[in-house]
Amino acid sequence: MKRKKQNPIKLIGMCAALLVLLVLLFLLMRMVLTNRQPQKPESCSPDAGPGEIGTVTPAPTIVDLYAYFDWTETTTIKVYDHRADKLVDMDLEEYIVGVVSAEMPAYYSFEALKAQAVASRTYTLYGVVHGGCHTNPDADVCTNSKCCQAFSSQERMQKTWGKDYAANYNRVAQAVMETAGEVLVYDGKLCDALYHACSGGQTEDSEHVYANALPYLRGVLSPYEDPMREENVDFGTDALVELIAAKYPESGIDAENVRNGIAIAKAYDSGRVETLRLGKTTITGKQARNLFGLRSTMFTIEWTQKGIVFHTKGYGHGVGLSQNGANGMAKHGSDYREILLYYYTGAELASYGADGIQPLAAPTPGNTDTAFVPEG
Ligand SMILES: [Zn+2]
């Protein structure tokens, strides 16, 4: 028996009408079941103000790094986790998220976080290219801040940040993603992108702290640091003498001669102590920093009735990027590229990937001039 032929246009129309009806029915059922209006898009400010009882703030979801990066093309590095005592393969960018989380406060300006991401990525790759982690021969890097860079695992971030974990993680991950693959180069080669917490107002020439004079690690003014991490460290006369005699007995320092026996012998233009005289011997500013447990070598000394006071400024070795200064520059309108090119003299931004190192365009003038000139 021959079937009656249907009109195809009529058939499509009927199907479409049925589909619309089904969708409407589904939406109606959903509204009745949940007994509420269709949801509005989530607010951009998830934090409820104090006393807003009854306001339920949806927990921010974690940025899915795996959805962003093309994992087949990014670099995998071998990371030695010193807390768990194991070697793990990790994507470079995922590692950088953990480093920035541990090395810079997540509340710092977003452009400062981006600058830190590029500095940390460059520092990591420079290390990989130059033999990897010094204390773990099988690893490219380790998670011990005393050897390589500090690193926070997801577990550690949750522990440290508590209820702010998701928001902080997203902020740091975003800074890393927006600069993915970007590195600093000088003369076409990766920079040894050293950084520190706070310079105390001026960064230092690399050869005054480390062995090599690198052209991109020159001392520059760092005017927007706030606060300068000033600290006073005091010792009573007896404790001071005991400390010096134990470490440097050849100094001949005793309770009688100590007040005339300690003096800053030489200081760099930045104000960092180059050498300190201790009786019959002289030690470097770095040795003095270690001996007296000071935050930096930028210090002066003052005698009081009870003993000595070291007035220190800054925190860290003072070479390369000042994290606090980067935050200050960002607050004054500089973007991460201006920050980096200011603290790494003569360096350029480049992208690092499958095609090797490719130069990136210089920053375009934004809120500030391209060439950052500090005031005063
Ligand atoms: Zn290491």
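All ligand and atom numbering here is 1-based and tracks the order in the structure.
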Around atom [atom1] of [X], are there more than 12 heavy atoms of other residues, nucleotides or ligands at under 6.0 Å?
{"X": "Asp269", "atom1": "CG", "value": "no"}
{"X": "Asp89", "atom1": "CG", "value": "yes"}
{"X": "Glu250", "atom1": "CD", "value": "yes"}

_Would you say the Zn ion (ligand 1) has His134 as a near neighbour, meaning an N/O/S atom of that residue under 2.8 Å away?_
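No, outside the cut-off.
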*Presence of N, O or S from Cys142 under 2.8 Å of the Zn ion (ligand 1)*: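 Looking at Cys142, which is the residue asked about, there is an N, O or S atom under 2.8 Å from the Zn ion (ligand 1).
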*asked:* Angle at the Zn ion (ligand 1), SG of Cys147 to SG of Cys133, rounded to 10 degrees, please.
replied: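 With the Zn ion (ligand 1) as the vertex, the angle is close to 100°.
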*Looking at Ile339, Ile96, Thr179, which hits side-chain contact (heavy atoms from CB on, under 4.5 Å) with Val118?*
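Considering Ile339, Ile96, Thr179, a side-chain contact (heavy atoms from CB on, under 4.5 Å) with Val118 is found only for Thr179.
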